[in-house]
Structures are given as C-alpha cells and as structure tokens.
Amino acid sequence: MAEKITGSEALMRALQYEGVKTIFGYPGGSIMPVYDALYDYTRGEKKAFDHILVRHEQGATHAAEGYARVSGQVGCAIVTSGPGATNTLTGVADAMLDSTPIVVIAGQVPISALGTDFFQEVDLVGVAQPISKWSYQIRHAEDVAWAVSRAFYIARSGRPGPVVLDFPKNAQTELVDFKPERVDFVRSYVPYPKLDADAVRAAAELINQSKKPLALVGQGVELGNAQDELQAFLEKADIPAGRTMLGLSALPSTHPLNVGMLGMHGNYAVNLKEQECDVLIAIGMRFSDRVTGSLKTYAKQAKVIHLDIDRSEINKNVKADVAVVGDCKESLPAITALLQKNDHREWRDSFKPLDEKERVKVIEPAIHPKEGPLLMGEVVNAVAEATQGDAVLVTDVGQNQLFATRYFKYPKRRSICISGGLGTMGYGMPAAIGATFGTPDRTVVCFMGDGGFQMCIEELGTIMEHQSPVKMILMNNNYLGNVRQWQDMFWNRRKSFTRMLNPCYELIAKGYGIPYSCVTERSELKDAVAKMLNTDGPYIMECAILEDDNVLPMTPPGKNVDDMLLEVKG
C-alpha cells in the first residue's frame, strides 16, 4: 500500500522532482501547512531547498525573477493568501512582459469557504489570469503532482513566463497517494512551432540580396540559449547588430559586429541606421515603443524579417515581410545554412562617423568629466572597468538603469537583469538578491536611484539575514531623476513632486549591519569602488550625483527614431 502524505508534503516532493533548489517566500495563515512541511526540507537529512525569507511578497517575485534571469532555471516563490498573494502581482506582471519563467504558489482559504469573503480571501486565479501564462487553483491534494509539473513546463517552455498556482488550505492538509508526474504536453499549447521551410528560404534570399542589412537582437536569443547560433549567423553574412536593453548580453560588447544599444536612450548610430537599412532582421524582440519611436515612420524603407517563437508578436507592432516563427536556436542555423558569405564593410563603416559624434558629444563628457559633481555615467564606467566584465548587472528603474545599461560591459552571457516592459521601481534590490543565488560564483552589482532604493528598502533585511553579496551602488541625486528630466525637457521645467527629502543612508546601512561608504569627490571614486568590490558580502556605496544629470542621447516620446537628441537645448 502506497504511503499517504499531505498535499503540503506532496508539494515539497513535486518541487524537488522539478529540480527546484531555492525558494523565495513569506509565510502566513493560509500557507502554514506548506511552511510546516517546508521546515523538514530545509534542514537535516531531507534538506532539498534553500528558503530565502524576503521582507515583502513583491520582493519574493522579483528575487525569483533575478534567479531565473541569470541561471536560466525557473524561479519559485511561495506566499500566503489575500494581501500576500496580491503583493506578488506586480512581479507576475513584470515577469510576463519580460518573458521570465517563475512559478508563484499562494495559499488560499479552504474551498468550502470560497465566495464567503472569508478572511484574506481573494480570487487570485481571476486576478492573475490576464498577467500570467497560466493560473490554476489546486482544489484537491490529488492534483498537486500534475499541477506543479504542468506549471513548470508552461513557465519554462516556448516563450517563458510566470505561472500562478492557488493552493487552498484543504488541499494542503488532505492525504494523497503521491506519485510524481512529468507533464511535457498540453493540448492546444504549441510552445515550439514547426519551422516553415519556405519562410526560412525567403528570409535567406532577402538577406543575400541586401546591401544594408541590420539585425535587432532581443532577449529571445538568451532565452533560447542561441548565442552561438546568433554569432554564426551574423558573421557569415557580415551583418551589424544592435541589441535591445534586455538583449544586451546576447552578443558580447566587444564583438566587431555589435553596433550598440537600440531604443530611446540607446546609441546614436544604430538608431539612425534603422531608418537607412534595406533589410531589418528582428531576432527574439517585440518592437517595443521604446525601440521604434513613432510607428508611422519607423523603418518604412526596409524589408522586415521577424524571427520569434511567439506568433502573437508577428505583425503586432511592425508588419513583417517575412515571418519565421520558431525557436531561434533552430531558425537561426536554418537560415545561416542558406546564406552567402558576404562583406558589408562599407555599410558597417558608415556607422563610424555617427559613433564618433556620440562619443565626442555624449560619451566622453559622461564618463570622463573634467570638473563638477559626480555623474552617473562615470560611476557606472568605474564599476564596469573594475569588474572587468565579469559582473552581472542588476538595476532598478529610472536614470540609474539607463546610464547603467549604456555604460556597462557585457562580454559574458546572462549578464543583465532589469525590469524592461513594466519598468518596475523597487525591482533592483530583490532581483539582485535572487541573482546572487542564481549565479553564486559571479559578482552581482546593483545600481539604484534614491527613489527605487526606498521602494525596496525593506529587502536590506533579507540581505542582512542571508549576507547576500549584493554590491549596491546608490546614485543619489535627490530627485526622481527620470521624471525630473522629462519635466525639464517637455513640461517647461515644472518639477512637480519629483524632488526628494532623503534619509541618512549611512545610518540605515549601520542599522542593517551592512558596510557603507559615501563618494562625494571624483578623486575618491576609484578607491571606493575597489573597497566595495574587495569587501566580502553585501556593500552599499552611495554616490552624490549632479542633480540635473541627463541621460542622452534621447528620442523624445512619440517622435521618430531619427529625431534622436544628442544634447538638451535651452
């Protein structure tokens, strides 16, 4: 006779069967049976998991995201019902927009109490459905093995994303004959579409005929582990490649065909050349408004080839002349096999005068200023040089993110962890915590502004407890800097509620027992960065930044890509 175990114990075994090693969570009443079972699985002979007690449930989902982004595995978070569950929803939406595989398991009131406005009852499945790949209520213990396996399969397969499991308390305590399950098929769900040979041939023909091809590389390349296939594709046809913000480490910064970052605050040349190329090859990217600017004028001269695993992205924003739907690890080599060896040196050389213009007008003044207060660009550059490309970059959202992504270096894969589509302030610190568990052998640096830092400040408690070796760079300009920049540029300098009265961060660091330093002078920066990196465990380095430091270049919102500004006028 099979051993009968509780649904909570079944959950532990199912997670173990899925290869979960780290769980980020926060206990509460409706998830207490699960946490009781978890007790035995985090210590002693049964030990299977590291449980990281976060200080807010939103932090649990962002930590799971950070873990997933750097490790390539599915992140896992466990929380309670009601506010515990709803606190995760920002992280779920963030993961959905950025295609990050996480599974959130939330407690729920017993099914007999559903619909009665029971204490901490929320229709989590209904609320989560529009912002997740799948949301499901495990109503009975006998469904645990199947539901968990299906959740992880859906989260990791095809275009990855978040899955939410609602786990009523009765199902946690019911007894069940447990047998692990392996779900690898879901009817009507086709995670890996069959490659269309005609589309592959049509794409190769367009590229072979092209005189000015340009590739746009997105995060899909990293999600598909197709970095080698990408380089072979680009090198055979000699195609210059721009990278989206989320796709920055899909192609090494030092690669000769890398021509910079796309988007509103990307590099000057690659953005302008989108309006000149004759064939535009989008690979694992979704033509975000932050990349395209005004769709009315975007790349109208070009034939567009779009490679994506998600058919719903095709023709959503930019009409494709050729759509290659499939996994880029399969589609890229299929196209490469049909490409002619080519040389587009003259086309690539045409980028150089624009690159030089940006270097002189924007980059050099940003990273090597001669006088005045510290600038964000020089702080990022100093950290990038000191870490020699080995670090994982995590950012919060705002100017800190825009400067950091521009001036950091990405020689290694899976080296960037940011909130892209949702732009979630408060993402940085918990995501960095998750990243330290996802890639424990690499340095994790986290750039934050004073606004974003205070949106996740409670997670300093998590860092303190687990001694997570996050190197936190707090770029303090006493403003919600990105909003302030827009107010200065587009709202007649009317700084409506963007100036911040900040606390003493040194005292806060002292309260959490985290080493701290404050950099106010340029001459102190190099030594301060070295001290931070050479200190074991976590560290906070606060930098006093010029208050009206602006991120440039910039394509004004709603304008054309070729309206990109290299300076702020007036």
Side-chain angles (χ1 to χ4, degrees), residues 359 362-396 398-409 428-429 432 442-454 457 460 463-464 467-482 484-485 499-552:
R359 187 189 70 80
V362 177
I363 297 175
E364 280 301 312
I367 66 174
H368 296 129
K370 300 283 192 293
E371 57 187 9
L374 283 169
L375 303 181
M376 290 193 190
E378 69 176 313
V379 174
V380 174
N381 186 63
V383 176
E385 288 186 347
T387 53
Q388 299 180 326
D390 187 53
V392 172
L393 172 70
V394 184
T395 78
D396 208 85
Q399 286 184 319
N400 65 91
Q401 179 188 55
L402 304 171
F403 275 111
T405 51
R406 275 183 58 81
Y407 295 119
F408 213 71
K409 306 294 187 292
M429 196 187 302
R442 298 181 68 183
T443 299
V444 175
V445 298
C446 181
F447 289 88
M448 293 173 280
D450 41 323
F453 186 92
Q454 291 182 77
I457 200 167
L460 289 173
I463 290 174
M464 173 186 67
Q467 284 299 294
S468 305
V470 180
K471 307 306 182 186
M472 293 166 274
I473 301 97
L474 170 56
M475 303 212 274
N476 186 356
N477 58 8
N478 298 302
Y479 272 99
L480 298 174
N482 206 42
R484 190 275 310 155
Q485 178 173 336
R499 185 165 181 83
M500 299 191 75
L501 177 63
N502 284 316
C504 176
Y505 293 109
E506 182 178 9
L507 290 177
I508 290 169
K510 187 176 181 180
Y512 285 100
I514 296 174
Y516 164 94
S517 64
C518 183
V519 184
T520 58
E521 300 294 333
R522 184 161 292 114
S523 59
E524 305 167 346
L525 181 59
K526 184 175 181 180
D527 287 345
V529 171
K531 183 179 179 182
M532 174 183 71
L533 295 174
N534 290 326
T535 300
D536 290 338
Y539 197 99
I540 298 173
M541 184 179 77
E542 180 181 359
C543 298
I545 300 295
L546 177 69
E547 288 191 348
D548 58 356
D549 195 7
N550 289 322
V551 191
L552 292 166

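We number each residue from 1, following the sequence as shown. The figures here come from the full heavy-atom set of this structure, side chains too, leaving out hydrogens, waters and symmetry mates.
- Gln467 places a side-chain N or O within donor-acceptor distance of the main-chain N or O of Met464, the cut-off being under 3.5 Å.
- Here the closest non-hydrogen pair linking Glu378 and Pro369 is OE2-CG, 3.3 Å.
- The distance from the CE atom of Met376 to the CD atom of Gln399 is 4.5 Å, given to the nearest 0.5 Å.
- Aromatic pair Tyr505/Phe453: ring centres closer than 6.0 Å.
- Distance check: Gln454 CD to Met448 CE gives 11.0 Å after rounding to the nearest 0.5 Å.
- Under the side-chain contact (heavy atoms from CB on, under 4.5 Å) test applied with Val551, the options Val362, Leu402, Asn400 reduce to a single match, Leu402.
- A distance of 10.5 Å separates OG1 of Thr405 from CZ of Phe447, quoted to the nearest 0.5 Å.
- With no hydrogens or angles considered, a side-chain donor-acceptor pair links Asn502 and Asn478 at under 3.5 Å.
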| side-chain contact (heavy atoms from CB on, under 4.5 Å) assessment of Thr387 paired with Lys409 | CA-CA 9 Å; Thr387 53; Lys409 306 294 187 292; over 6 Å; no

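- The line from CG of Leu546 to CE of Met475 is 12.5 Å long, rounded to the nearest 0.5 Å.
- Here Asp390 pairs with Lys412 under the salt bridge (Lys or Arg N to Asp or Glu O under 4.0 Å) rule; sequence neighbours left out.
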Identify every side-chain donor-acceptor pair in residues 524-539 under 3.5 Å, counting partners at least two apart or on other chains, and give the distances.
| residue | atom | partner | partner atom | Å |
| --- | --- | --- | --- | --- |
| Glu524 | OE1 | Thr520 | N | 3.1 |
| Glu524 | OE1 | Glu521 | N | 3.3 |
| Asn534 | ND2 | Ala530 | O | 3.0 |
| Thr535 | OG1 | Lys531 | O | 2.6 |
| Tyr539 | OH | Ser517 | OG | 3.1 |

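- Contact between Ala404 and Thr395 at its shortest, heavy atoms only, is CB-CG2, 3.7 Å.
- Separation of atoms SG (Cys543) and CG (Leu474) is listed at 8.0 Å; rounding is to 0.5 Å.
- Without hydrogens or angle criteria, Asp396 side chain to Gly428 main chain gives a donor-acceptor distance under 3.5 Å.
- The two residues Ala509 and Tyr516 come nearest to each other via the heavy atoms CB-CB, 3.7 Å.
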| Can Ile540 and Leu460 be said to form a side-chain contact (heavy atoms from CB on, under 4.5 Å), step by step? | CA-CA 10 Å; Ile540 298 173; Leu460 289 173; 4.1 Å; yes

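- The heavy-atom pair separating Val380 from Phe408 by the smallest distance is CG1-N, 3.8 Å.
- When atom types are taken as modelled, the side chain of Arg522 and the backbone of His368 share no donor-acceptor pair closer than 3.5 angstrom.
- Residues Asn477 and Asp549 have side chains that never bring a donor and an acceptor to within less than 3.5 angstrom of each other.
- Within the 4.5 Å cutoff, the side chain of Tyr479 has no heavy atoms near those of the Asp548 side chain.
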| request: Under the side-chain contact (heavy atoms from CB on, under 4.5 Å) rule, what do Ile463 and Met472 come out as? Steps first, then yes or no, please. | output: CA-CA 11 Å; Ile463 290 174; Met472 293 166 274; 3.8 Å; yes

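- Met429 and Ile457 make their closest contact through CE-CA, 4.3 Å (heavy atoms, listed as atom of the first residue, atom of the second, distance).
- Applying the side chain to side chain donor-acceptor pair (under 3.5 Å) rule to Arg484 yields the partners Asp488, Asn550; only residues at least two apart in sequence or on another chain are considered.
- In this structure, Pro503 and Ile508 approach most closely via the heavy-atom pair CG-CD1, 3.7 Å.
- Separating the CD1 atom in Ile545 from the CG atom in Leu375 is a distance of 7.0 Å, to the nearest 0.5 Å.
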